[in-house]
Amino acid sequence: MKKVAIILIILSLSTSSIAQMYEKQVGLRLGVTSGISGKIIKNDRTAIEGILGFRDGGIQMYGLVESYHPLIKTNKTHWMIYFGGGAHMGYVNGYMKERRWSNTAGYYYEEIKVVGMVLGLDGIIGTDYTFNKVPITLTLEFKPYLELQDFWNFKVNFWDVGFGIKYSFKNR
């Protein structure tokens, strides 16, 4: 009985101390991929971010793992830089320009309608600034991606730049 009580006490103290280390952010991302973003940051070192994004007439779900490093961190300033990567999946319903060749006209672009499932890989590098007295975080990030659209067409976008505003809160 004593061993069970000691184990329960140790487990409850360890889970409560771990829970205090997390910071959460929920907000909006505006850019090529706009949507709702949620992030969990542990120890100002590692973060897991999920984005429910809207792009090309469809909806996608993104999962990213990020490494956090202080750019400027004092009692009054909390400015971080982060980088990482992840993956996404979803659905698109839009148009894509494809480069074609004609012997008479040379190169030209043709719009192709793309409808269907997408699977892709993402990179991310960004910075965020959290205000000291107000729990608001502003982010600026660069999120290039490579994706397979409708199982036959590849799309690469190196210029998915986004701006975000998030509400930050900590577990206590």
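By convention here, the first residue in the shown sequence is residue 1. If you're wondering where the values come from, they're calculated on a predicted model, not measured in any experiment.
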For the hydrophobic clusters of this structure (ILVMFWY residues joined by side-chain heavy atoms under 4.5 Å, transitively), does one cluster hold both [X] and [Y]?
| X | Y | answer |
| --- | --- | --- |
| Phe158 | Leu148 | yes |
| Ile48 | Tyr167 | no |
| Phe131 | Phe163 | yes |

Query raised in the report: Would you say Asn157's side chain and Trp159's backbone share a donor-acceptor pair under 3.5 angstrom?
Result: yes
Query raised in the report: Between the side chain of Gln60 and the main-chain N/O of Tyr91, is any donor-acceptor distance below 3.5 Å?
Result: yes
List the atom of [X], the atom of [Y], and the distance in Å for their closest heavy-atom pair.
| X | Y | result |
| --- | --- | --- |
| Phe54 | Gly35 | CD1-CA, 3.9 Å |
| Arg29 | Val161 | NH2-C, 4.1 Å |
| Asn93 | Lys113 | OD1-NZ, 3.0 Å |
| Ile41 | Ala47 | CG1-CB, 3.9 Å |
| Ser37 | Ile51 | OG-CG1, 4.1 Å |
| Gly86 | Leu64 | N-CD2, 3.7 Å |

Report task. Indicate, with yes or no, if the rings of His69 and Phe83 have centres closer together than 6.0 Å. Result ->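 So the answer is yes for these two rings.
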Requested in this report: Measure from the ring center of Tyr129 to the ring center of His78 and say whether it is less than 6.0 Å.
Outcome: no
Query - Donor-acceptor side-chain pairing of Ser168 and Thr137 below 3.5 angstrom - result: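 Yes - a donor-acceptor pair under 3.5 Å links their side chains.
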Query raised in the report: Can we say Arg55 and Asp160 salt-bridge, meaning some charged N sits less than 4.0 Å from an Asp/Glu carboxylate O?
Result: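 No, no charged N to carboxylate O under 4.0 Å.
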Query - Sidechain N-carboxylate O distance under 4.0 Å for Glu23, Lys39 - result: no
Below 4.5 Å, heavy atoms only, C-beta onward: do [X] and [Y] meet side chain to side chain?
| X | Y | result |
| --- | --- | --- |
| Glu66 | Thr46 | no |
| Leu119 | Met117 | yes |
| Val156 | Tyr145 | no |

Requested in this report: Walk me through it: do Lys166 and Glu49 pass the test salt bridge (Lys or Arg N to Asp or Glu O under 4.0 Å)?
Outcome: CA-CA 12 Å; Lys166 299 176 183 175; Glu49 183 172 11; 3.3 Å; yes
Report summary line: OH of Tyr82 to CD1 of Ile125, rounded to nearest 0.5 Å, is 9.5 Å
